[in-house]
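Here the structure is laid out as structure tokens; the discussion comes afterwards.
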Amino acid sequence: LLDKGRIVADEPAQPKNQFMLAEFTAAPDDGSLLRIPGIQQIHSRDGQQVVLQLSADAVPHMPEKLACHGWGLRLWQPAENTLLQRFHALGQSPR
């Protein structure tokens with residue numbers, strides 16, 4: 001991916017499981033989610049659904065970590081990660 005003529009990423013457009021869609025009965029605020037190790041960024045929100053960007057060291061039992069907070073985790077699945085979404089995520093991160 002290029003941004004203003006600079007290479008900002010030279011990697012697959014859809015890194016495996018980097019973006020996950022979570023749905024809650026009582027969606028937590030961004031700060032609460034970002035305090036959980038392995039959650040790098042809140043990518044987007046739509047009502048009770050949140051797209052989370054996970055760090056490379058995110059543990060495989062992330063759903064259990066989220067469920068133990070009492071937010072009513074109802075859904076956990078890979079989120080669609082389009083090239084445009086990836087470009088926007090990279091544009092927000094310091095490089």
Side-chain angles (χ1 to χ4, degrees):
L1 291 174
L2 297 173
D3 183 22
K4 299 175 186 153
R6 285 181 340 162
I7 296 175
V8 294
D10 184 11
E11 59 192 42
Q14 296 188 4
K16 186 179 178 184
N17 295 334
Q18 187 176 13
F19 290 90
M20 297 299 289
L21 173 64
E23 182 175 293
F24 302 91
T25 55
D29 60 77
D30 289 358
S32 296
L33 286 169
L34 291 171
R35 282 191 288 278
I36 297 173
I39 296 179
Q40 182 175 330
Q41 179 179 349
I42 309 303
H43 190 65
S44 65
R45 279 187 176 269
D46 184 13
Q48 304 300 78
Q49 292 188 344
V50 183
V51 176
L52 304 170
Q53 182 176 357
L54 303 181
S55 61
D57 61 345
V59 294
H61 56 277
M62 184 64 72
E64 290 85 357
K65 288 176 90 170
L66 291 170
C68 75
H69 287 278
W71 298 319
L73 181 65
R74 295 189 303 202
L75 176 70
W76 180 258
Q77 68 183 32
E80 183 178 322
N81 183 18
T82 66
L83 187 59
L84 180 61
Q85 290 170 328
R86 185 74 180 120
F87 180 77
H88 285 295
L90 286 167
Q92 294 174 6
S93 62
R95 287 225 178 245

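This chain uses plain numbering: 1 for the first residue, then up along the sequence.
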Show me the donor-acceptor pairs, under 3.5 Å and distance only, between side chains in residues 24-33 and residues at least two apart or in other chains.
unit_1: T25; atom_1: OG1; unit_2: W71; atom_2: O; d: 3.3
unit_1: D29; atom_1: OD1; unit_2: G31; atom_2: N; d: 3.0
unit_1: D29; atom_1: OD1; unit_2: S32; atom_2: N; d: 2.8
unit_1: D29; atom_1: OD1; unit_2: S32; atom_2: OG; d: 3.3
unit_1: D29; atom_1: OD2; unit_2: S32; atom_2: OG; d: 3.1
unit_1: D30; atom_1: OD1; unit_2: R45; atom_2: NE; d: 2.8
unit_1: D30; atom_1: OD1; unit_2: R45; atom_2: NH2; d: 2.9
unit_1: S32; atom_1: OG; unit_2: R35; atom_2: NH2; d: 3.3

Please report, to 0.1 Å, the donor-acceptor pairs under 3.5 Å made by any side chain of residues 55-68, with sequence neighbours excluded.
unit_1: S55; atom_1: OG; unit_2: G38; atom_2: O; d: 3.4
unit_1: S55; atom_1: OG; unit_2: D57; atom_2: OD1; d: 2.4
unit_1: K65; atom_1: NZ; unit_2: P37; atom_2: O; d: 3.4

Q: Let me see the working for I39 and Q53 under side-chain contact (heavy atoms from CB on, under 4.5 Å), right down to the final yes or no.
A: CA-CA 6 Å; I39 296 179; Q53 182 176 357; over 6 Å; no
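The side chain to side chain contact (heavy atoms under 4.5 Å, CB included) check on L75 picks up L21, E23, Q49, Q77, with sequence neighbours excluded.
The shortest side-chain heavy-atom distance between M20 and V50 does not fall under the 4.5 Å cut-off.
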